[in-house]
Number of protein chains: 2
Amino acid sequence: MATKQRGRPRSFDRETALEKAMRAFWENGYEGTSVSELTREMGIGAPSLYAAFGDKRSLFEEVVRVYGTTHGAGPARALTEEPTARGAVERLLREAADEFTDPGHPHGCLVIHAATNCTTPEVEQALRDQRGASLTAIEDRLRQGMATQELPEGTDAAALARFVGAVFQGMSQQSRDGASRGELEAIADLAMAAWPASEPAASGHRA
Amino acid sequence: MATKQRGRPRSFDRETALEKAMRAFWENGYEGTSVSELTREMGIGAPSLYAAFGDKRSLFEEVVRVYGTTHGAGPARALTEEPTARGAVERLLREAADEFTDPGHPHGCLVIHAATNCTTPEVEQALRDQRGASLTAIEDRLRQGMATQELPEGTDAAALARFVGAVFQGMSQQSRDGASRGELEAIADLAMAAWPASEPAASGHRA
DNA sequence: TCAAATCTGTAGCGGTCGTTATGAAAATGA
DNA sequence: TCATTTTCATAACGACCGCTACAGATTTGA
């Protein structure tokens with residue numbers, strides 16, 4: 001195996017083309033990006049696109065998958081790598097401020113924006129599911145923080161996770177509306193002010 | 001004047017049709033709603049639509065205008081009617097939790113969602129401008145609160161306004177993703193926890 | 001040297017988009 | 001009664017949508 005394949009070789013680099021497709025979808029969304037725009041950006045003809053990636057929807061799904069392991073991988077890393085739940089969330093939000101305003105690529109989060117107002121319900125639902133999974137990941141990390149007594153017993157992990165998710169999504173939207181990195185960082189800082197107070201002590205004075 | 005007009009009378013109620021158009025745009029966005037969907041929902045033929053509303057874009061602009069004075073009027077009311085800045089923002093967010101999940105109409109905020117991934121830049125920009133104006137309105141109300149000493153001198157009104165806006169937008173997104181009214185209220189409550197502490201006293205003890 | 005296999009460019013498929021021409025229908029004014 | 005005015009329903013316009021048939025180009029294996 002791994003011998004040279006038989007026919008005429010592909011004249012473009014598949015990964016590079018996929019990256020170009022990601023930029024296009026990221027910038028203009030799934031339905032806002034036509035196949036002719038894709039072929040123009042990717043520098044290939046339509047038949048080559050269909051041969052290499054299936055159809056438009058398969059290409060988008062592959063783009064989303066790659067996004068999740070590259071530009072979109074920050075949150076998962078923050079949640080697993082940081083020693084405390086608070087540190088994880090703070091890093092998640094501050095890295096988002098950075099990532100969302102990176103001039104090297106479209107602003108905001110592809111998973112949040114690329115399938116809104118989408119006439120193809122399956123595509124819209126796929127990204128919705130992914131957003132739901134992210135919320136669950138945050139919530140799980142918070143529960144972990146409760147288990148280690150980092151967070152107060154009474155903490156509503158689901159609600160706090162939703163709050164973090166809402167701030168994250170709001171930051172993404174604002175980055176698309178032109179907010180700067182510093183402005184997003186200020187949002188992140190304010191959000192952290194809502195973090196549950198670690199009870200003054202474990203005892204029960206102060207009635 | 002006000003005499004009967006000359007030709008064949010219109011066979012539909014303009015306001016009712018406009019309301020139907022609003023629902024459609026609200027649900028599926030500007031480009032996600034085709035003219036044929038509009039005519040179906042509004043119960044009129046295409047020529048009637050064009051005679052009564054101009055073209056699709058004019059219809060959308062009129063929809064946005066009406067939305068701003070009806071379903072979208074809550075925030076402005078909260079900001080002007082409440083006696084304190086804190087009360088205004090709290091009401092703004094809690095009313096949003098209610099409004100965004102009202103089963104009587106599409107979820108979330110039309111101004112936030114209806115023109116994302118829009119191939120017509122002017123339409124996208126128009127709603128972007130409207131969001132910017134909302135941010136400014138919040139910021140103005142916060143500055144007013146600073147002028148009356150309700151808010152600490154050092155408060156960053158612009159940053160706090162952006163934070164409130166981000167939470168608002170995040171709540172809108174989450175309502176579209178299926179979050180319940182109670183879940184959104186929890187987000188609002190957590191956001192209010194980030195409110196600047198009113199300094200313990202105006203004096204300078206506790207160095 | 002040639003058949004088989006695979007990719008590429010052109011050109012076009014049926015379908016939907018936003019929009020409008022056309023003529024019948026329904027009102028008023030004379 | 002009949003011309004005038006406005007709206008309505010049908011049907012179609014050109015442009016673009018996602019997608020593909022086709023034929024030529026370019027490779028490998030025999």
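Chain naming here is simple, since letters A, B, ... match the order of the sequence lines and numbering starts at 1 in each.
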- prompt: With respect to the side chain of A:P47, which nucleotide from C:dC7, C:dT10, C:dG18 is positioned closest?
  reply: C:dT10

- prompt: Checking all strands, does B:A51 fall into the base, sugar-phosphate, or nothing category for heavy-atom contacts under 4.0 angstrom?
  reply: nothing

- line: The nucleotide from C:dT8, C:dC17, D:dC17 with an atom nearest the side chain of B:S34 is C:dC17

field: Rounded distance in Å - CG (A:D13) to C1' (C:dT8)
entry: 17 Å

task: Write down the distance between CZ (B:R10) and C1' (D:dA9), rounded to a whole number of angstrom.
output: 16 Å

message: Taking 4.0 Å as the cut-off, does a side-chain nitrogen or oxygen of B:Y50 come that near to OP1 or OP2 on C:dT19?
response: yes

- request: Starting from P on C:dT8, measure out to CZ on A:R14 and report it in whole angstrom.
  value: 12 Å

task: Quickly work out the B:L38 CG to C:dC17 P distance and round it to whole Å.
output: 10 Å

- prompt: Distance only, no hydrogens: is a donor on one side chain within 3.5 Å (strictly under) of an acceptor on the other, for B:R176 and B:Q173?
  reply: no

Nucleotide nearest B:S48 (side chain, heavy atoms from C-beta), chosen from D:dC8, C:dT8, D:dT10: D:dC8

task: Let me know the distance between CD of A:E31 and P of C:dC17, rounded to the nearest Å.
output: 11 Å

message: Taking any heavy-atom pair under 4.0 Å as a contact, classify A:T33: base, sugar-phosphate, or nothing.
response: sugar-phosphate

message: When you measure from the side-chain N and O atoms of A:S36 to the phosphate of D:dG18, is any distance below 4.0 Å, counting only OP1 and OP2?
response: no

- prompt: Heavy atoms under 4.0 Å, any strand shown: does B:A46 hit a base, just sugar-phosphate, or nothing?
  reply: base

- request: Drop me the distance from A:Q125's CD to A:T120's OG1, to the nearest 0.5 angstrom.
  value: 13.0 Å

- request: For the pair A:N117 and B:T116, evaluate side chain to side chain donor-acceptor pair (under 3.5 Å) and give the outcome as yes or no after the intermediate values.
  value: CA-CA 7 Å; A:N117 301 137; B:T116 39; 3.2 Å; yes

- prompt: Does B:H113 have its ring centroid less than 6.0 Å away from the ring centroid of B:W26?
  reply: no

message: Counting only side-chain heavy atoms from C-beta out, which of D:dC17, C:dA27, D:dG24 sits nearest to A:R8?
response: D:dG24

Integer-rounded Å distance: D:dT7 P and B:F12 CZ: 9 Å

field: Residue met sooner reading DNA chain C from 5', once A:G43 and B:P9 are mapped to nucleotides
entry: A:G43

message: Rounded to whole Å, how long is the line connecting atom CG of B:D55 with atom P of C:dT20?
response: 8 Å

- request: Verify the contact: side-chain N or O of A:S11 to OP1 or OP2 of D:dT26, cut-off strictly under 4.0 Å; return yes or no.
  value: no

task: Grab the CG-P distance between B:L49 and D:dT10 for me, whole Å please.
output: 16 Å

query: If you pin B:I44 and B:R6 to their nearest nucleotides in DNA chain D, which one's is more 5'?
result: B:R6

message: Can you confirm whether or not the ring centre of A:F168 sits under 6.0 Å from the ring centre of A:F100?
response: yes

